[in-house]
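What follows is a set of notes on a single structure, which appears directly below.
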Amino acid sequence: MNSPKAIICLASSSRISFLLYSLTIICLTSATVFASSGGNETDYQALLSFKSKITEDPYQILTSWNHSFHFCEWSGISCGKRHKRVTAIELSSKSLRGSLSPHVGNLSFLHYLSLWNNSFQGTIPHELGRLSRLRRLGLHENKFSGVIPQNLSGCSNLEKLWLNKNWLIGSIPKEMSLLSKLTGLVMNDNKLTGGIPPFLGNITSMEMFTATGNPLGGRIPDTLGHWKSLTLFYSGECNLNGSIPPSIFNLSLLVTFSLSANHLTGSLPSDIGNQLPNLEGLQLWGNELTGVLPPSISNCSKLVILEMSENNFSGKLTIDFSKLRDINLIEMSNNNLHGRGEADDLWFIESLKNCTKLVKLEFVNCNLIGVLPVSIGNLSHQLNSLYLRDNQLSGSLPSSIGSLVGLTTLGLGRNRFKGKIPTTIGNLQKLQRLSLTNNKFSGPIPDAIGNLSLLIELYLYSNKLEGHIPSSLGKCKKLDLLNLADNTLSGKLPWQLPKLPSLTVLLNLSQNSLSGSIPTQIKDLKMLCELDLSYNNLTGTITSSLGECISLTKLYLSGNIFQGIIPSSLSSLRGLEVLDISHNNLSGKIPQFLDKWNSLEFLNLSFNDFEGQVPIIGVFANSSLFSVLGNDRLCGGLVTLKLPKCKEKGGKKKRFPFFILVIVIAPTLLIVLCCVYLLCKKKRNSQPSQSSGNERFLKVSYNELLKATDRFSTANLIGEGGISSVYKGIFDSDDDKFVAVKVLHLQNRGAHRSFLAECEAWRNIRHRNLLKIITSCSSVDFQGNDFKALVYEFMSNGSVHDSLHSSANTSKLNLLQRINILKDVATALDYLHNHCQKTIVHGDLKPSNILLDADLVAHVGDFGLARLLGTDLNQNSSTGVKGTIGYAPPEYGIGSEMTSSLSSCMYGKAESNCKKERCMS
Ligand SMILES: *[C@@H]1O[C@H](CO)[C@@H](O)[C@H](O)[C@H]1NC(C)=O
Ligand SMILES: *[C@@H]1O[C@H](CO)[C@@H](O)[C@H](O)[C@H]1NC(C)=O
Ligand SMILES: *[C@@H]1O[C@H](CO)[C@@H](O)[C@H](O)[C@H]1NC(C)=O
Ligand SMILES: *[C@@H]1O[C@H](CO)[C@@H](O)[C@H](O)[C@H]1NC(C)=O
Ligand SMILES: *[C@@H]1O[C@H](CO)[C@@H](O)[C@H](O)[C@H]1NC(C)=O
Ligand SMILES: *[C@@H]1O[C@H](CO)[C@@H](O)[C@H](O)[C@H]1NC(C)=O
Ligand SMILES: *[C@@H]1O[C@H](CO)[C@@H](O)[C@H](O)[C@H]1NC(C)=O
């Protein structure tokens with residue numbers, strides 16, 4: 001009977017009739033109902049105002065907010081049973097966009113307001129401070145900006161306040177300390193500054209405090225020691241300095257204590273483990289803490305996570321882990337945990353026997369000295385990562401290592417292990433990454449390594465391994481990186497290796513004693529990026545089948561005994577950035593295609609027997625990008641090479657001076673040349689070695705992408721399509737440089753092909769108006785499924801589609817900007833169609849594939865449907881409609897071939913000489 005409709009009618013009618021109606025109500029019902037009917041109207045108006053500020057509501061949640069129902073029935077609204085006033089608003093994860101209406105401050109009976117995981121923007125209205133009954137306020141994971149309003153202190157009954165993952169700035173207002181009932185304050189991932197204020201210590205009810213990921217700065221106030229009920233304390237990455245006040249270690253109810261990645265100094269109290277007996281998580285990595293790791297941690301029997309990496313802790317580790325039955329993860333890397341003199345820094349491994357839940361053990365670069373005990377094999381079967389890299393472990397690797405059947409990653413590189421690699425390594429059936437580099441392992445590579453069918457990366461370089469490369473490696477069908485360099489391996493290159501289609505990142509067999517010729521099967525390594533066979537005893541010619549390894553970006557064949565010419569088939573390696581074939585017996589002319597590869601960054605032809613003219617264009621135009629030293633029969637080239645001039649063909653005139661030259665000037669010239677040669681040789685020797693700069697490209701693993709995108713969290717999802725999802729991410733190494741990570745949905749038809757097409761397209765192109773690819777990742781996820789992703793530069797202004805269709809005024813493009821975008825796209829297409837080696841047809845050009853960077857420069861992206869005209873790469877791609885309906889040229893619909901011609905956009909028929917600019921204008 002109190003329907004909102006009736007109220008509306010009343011409100012619009014005359015004041016007199018309203019009074020009459022009120023009188024009637026007084027007569028009919030009790031006085032309490034009347035009193036609340038005024039409040040009802042306020043609530044109703046407040047909710048309407050709330051709705052009016054919502055600009056996007058994709059799930060149409062708020063359509064139910066209409067006159068047909070009382071607002072207590074509206075979706076997301078709860079009311080008090082008796083007084084019918086709004087008591088709770090629950091609208092989390094509804095993809096709502098808009099701002100938060102200040103009228104919400106009028107919902108005076110509200111005790112619960114949750115709007116988390118939407119896209120609310122603008123400031124948090126200070127009117128919320130009028131909600132004195134409010135107990136829980138969840139505004140997290142939105143886009144709220146501005147400061148935390150002081151008035152929030154008016155919510156005197158507030159118990160939990162979530163503000164995390166917004167864009168809040170300024171300092172934590174002093175008035176917050178008046179929230180005397182607050183038990184949870186969650187503010188992580190904002191831009192708050194001004195330190196953790198000491199007055200917060202006055203909120204003695206505090207149980208959970210989270211400020212991680214704010215540039216707060218300052219010290220941890222010792223008043224926080226008043227938080228006697230505190231169980232969770234998260235303030236990692238807050239730029240905090242100074243030491244941790246002793247009062248904090250008095251908070252005996254603490255369960256999680258996390259202050260990672262700050263600048264904290266000082267040492268931990270020796271009694272920490274006895275003072276904090278409830279600790280489950282102790283995360284202090286990435287600080288400047290000193291002193292010993294207190295042995296009392298042995299008494300934290302509930303500990304699950306212990307992360308102490310990257311500090312200056314010192315002295316032998318004397319923590320006894322045997323009581324820590326629940327421990328899951330121990331990270332101690334980059335501390336100096338070597339004791340004095342004794343070589344038994346590893347005794348703690350014995351104490352880990354009973355930790356049956358241990359998943360990860362990381363002691364990288366801890367200066368551990370000693371022999372790995374046999375009891376290493378008694379660690380948990382759950383253990384999946386064991387990192388002991390960069391220590392001084394010596395002796396042989398115990399064969400008990402084969403008992404750690406849960407391992408997916410084993411990193412023992414840069415130690416002093418010697419003896420044979422135990423064959424039990426073949427028992428580690430789940431192993432994906434194995435590194436034993438930079439040790440003194442000798443003997444053969446065990447055949448059993450072929451049993452590791454999930455192996456993705458195998459690093460055995462810089463040891464003393466001998467014998468043949470086991471052909472069983474051909475059974476590691478997931479291997480994408482194999483580095484066996486710098487050993488004394490002999491015999492022929494096994495032909496089984498090229499049969500590994502997974503080998504995409506690196507095959508490095510350099511600096512061994514391998515003999516024979518390159519097997520023609522090498523052509524099967526179609527996806528391999530880097531091949532290094534340098535410094536072996538390989539003979540024969542450079543096989544022309546290498547030309548089929550079309551993904552190669554780096555090819556090293558130097559320091560072998562190859563002879564013959566550079567095969568012309570290599571001309572198809574257009575993505576090559578480094579080609580080093582120096583120190584061989586190669587002969588013939590410098591092939592013409594070399595000067596046309598515009599991706600080439602270094603070309604080394606030195607110390608061979610090439611003859612004829614050195615070109616002066618392409619890579620040959622810049623003397624720092626190539627070397628032709630030690631090829632006595634070359635001529636021409638850049639003046640700085642000081643090579644003899646080439647003789648002109650059939651010129652009779654030339655013969656006479658040449659005659660004189662031979663008789664008279666030759667000896668002089670010979671001396672001069674010798675001097676030049678010696679000088680140049682000296683110069684060359686002082687050049688940095690070829691391997692430096694090899695790691696120019698970021699190589700990423702699944703794990704790194706996982707971290708960079710916060711476990712592919714939906715908060716970072718910036719786009720989703722049929723065959724891929726795009727996430728925003730950030731790598732630790734590059735602090736403020738965002739990237740876009742496109743993850744292919746490999747289970748969907750076409751995703752795989754799209755990945756290949758895109759890789760192939762990107763390999764050949766580079767242009768200011770094309771989206772720049774940073775790297776690709778072809779790996780497996782933690783469940784062992786194939787995982788493929790491409791990493792691009794992040795375009796902060798989103799796509800043209802978004803800009804055109806966004807409702808926000810700030811992103812509206814003006815005419816000039818639009819014209820510039822058109823120009824950028826036209827330039828990109830001109831490049832793709834006319835200036836690449838092979839014409840590339842994008843095939844899916846549309847506003848959502850045109851992205852805008854911070855300066856609104858347009859970059860064309862998404863080459864998932866691209867084709868290289870004239871290659872057979874896409875022959876198996878399906879015919880039918882390509883591209884997006886509405887944007888694809890009409891002739892595709894009738895089965896026409898793809899062309900670069902844009903004429904159809906204007907004339908509706910193919911007219912090959914149509915000028916692109918006309919179409920775009
Ligand atoms: C009002 O809300 C109801 C319930 O969601 C809905 O079925 C109806 O279509 C809405 N009416 C209008 C006019 O939007
Ligand atoms: C509700 O709040 C708004 C803004 O805070 C205010 O203008 C209005 O007067 C308030 N009262 C009612 C009854 O709507
Ligand atoms: C905190 O409490 C102390 C006394 O308990 C009081 O003197 C001080 O003013 C309070 N600080 C704030 C900011 O409320
Ligand atoms: C820790 O608590 C004890 C007992 O409650 C008290 O005597 C001591 O002063 C406190 N230490 C610090 C540093 O606050
Ligand atoms: C661990 O706790 C026991 C019992 O409280 C105590 O006797 C022992 O000294 C503690 N160990 C360390 C290393 O603090
Ligand atoms: C491991 O646990 C057993 C009982 O489950 C116990 O007898 C043994 O002492 C423990 N080992 C260590 C090293 O604490
Ligand atoms: C440790 O492992 C070895 C085999 O590597 C086994 O014989 C021994 O019983 C194990 N000891 C314990 C305490 O589990």
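Numbering of ligands and ligand atoms starts at 1, following listing order. Bear in mind that the values here come from a model prediction, so they are computed numbers and not experimental data. Each residue takes its place number in the sequence, starting with 1.
The only member of S258, S260, S309 that meets side-chain hydrogen bond (donor to acceptor under 3.5 Å, both in side chains) when paired with W285 is S260.
In this structure, the protein non-hydrogen atom closest to atom 2 (O) of ligand 4 is N250 ND2, 2.2 Å. Scanning all protein heavy atoms for the shortest distance to atom 4 (C) of ligand 1 gives F69 CE1, 3.7 Å. Among all protein heavy atoms, the one lying closest to atom 5 (O) of ligand 1 is S64 CB, 3.3 Å. Of the protein's non-hydrogen atoms, the one nearest atom 7 (O) of ligand 2 is H103 NE2, 4.4 Å.
Counting only heavy atoms, the protein never gets under 4.0 Å from atom 9 (O) of ligand 2. Protein heavy atoms come within 4.0 Å of atom 14 (O) of ligand 4.
Under the 30°/60° scheme for interplanar angles, the aromatic rings of F249 and F257 are found to stand perpendicular.
Contact between Q45 and ligand 2 is absent, with no heavy atom of the residue lying under 4.0 Å from the ligand.
A salt bridge does not link D345 to K316: none of the charged side-chain nitrogens sits closer than 4.0 Å to a carboxylate oxygen.
Residues F348 and F363 bring their aromatic ring centres within 6.0 Å. Taking the six-membered ring for Trp and the full ring otherwise, the centers of F71 and W65 sit at least 6.0 Å from each other.
Close approach of ligand 2 to N106 (heavy-atom distance below 4.0 Å) involves ligand atoms 1 (C), 2 (O), 3 (C), 8 (C), 10 (C), 11 (N), 12 (C), 14 (O). Atoms of ligand 1 found under 4.0 Å from any heavy atom of T63 (numbered from 1 in listed order, with element): 1 (C), 2 (O), 10 (C), 14 (O). Heavy-atom proximity to E127, at under 4.0 Å, picks out these atoms of ligand 2: 5 (O).
Residues N106 and R130 are in side-chain contact: their nearest non-hydrogen atoms beyond the backbone lie under 4.5 Å apart.
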ring-ring contact (aromatic ring centres under 6.0 Å, His included) for F209 and W227? Distances and angles first, verdict last. CA-CA 10 Å; F209 178 79; W227 290 350; 5.1 Å; yes
Could you give me the CA-CA distance, side-chain angles and deciding distance for V186 and L163, then say whether side chain to side chain contact (heavy atoms under 4.5 Å, CB included) is met? CA-CA 6 Å; V186 182; L163 299 172; over 6 Å; no
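Between N66 and ligand 1, a contact under 3.5 Å exists for at least one N or O pair.
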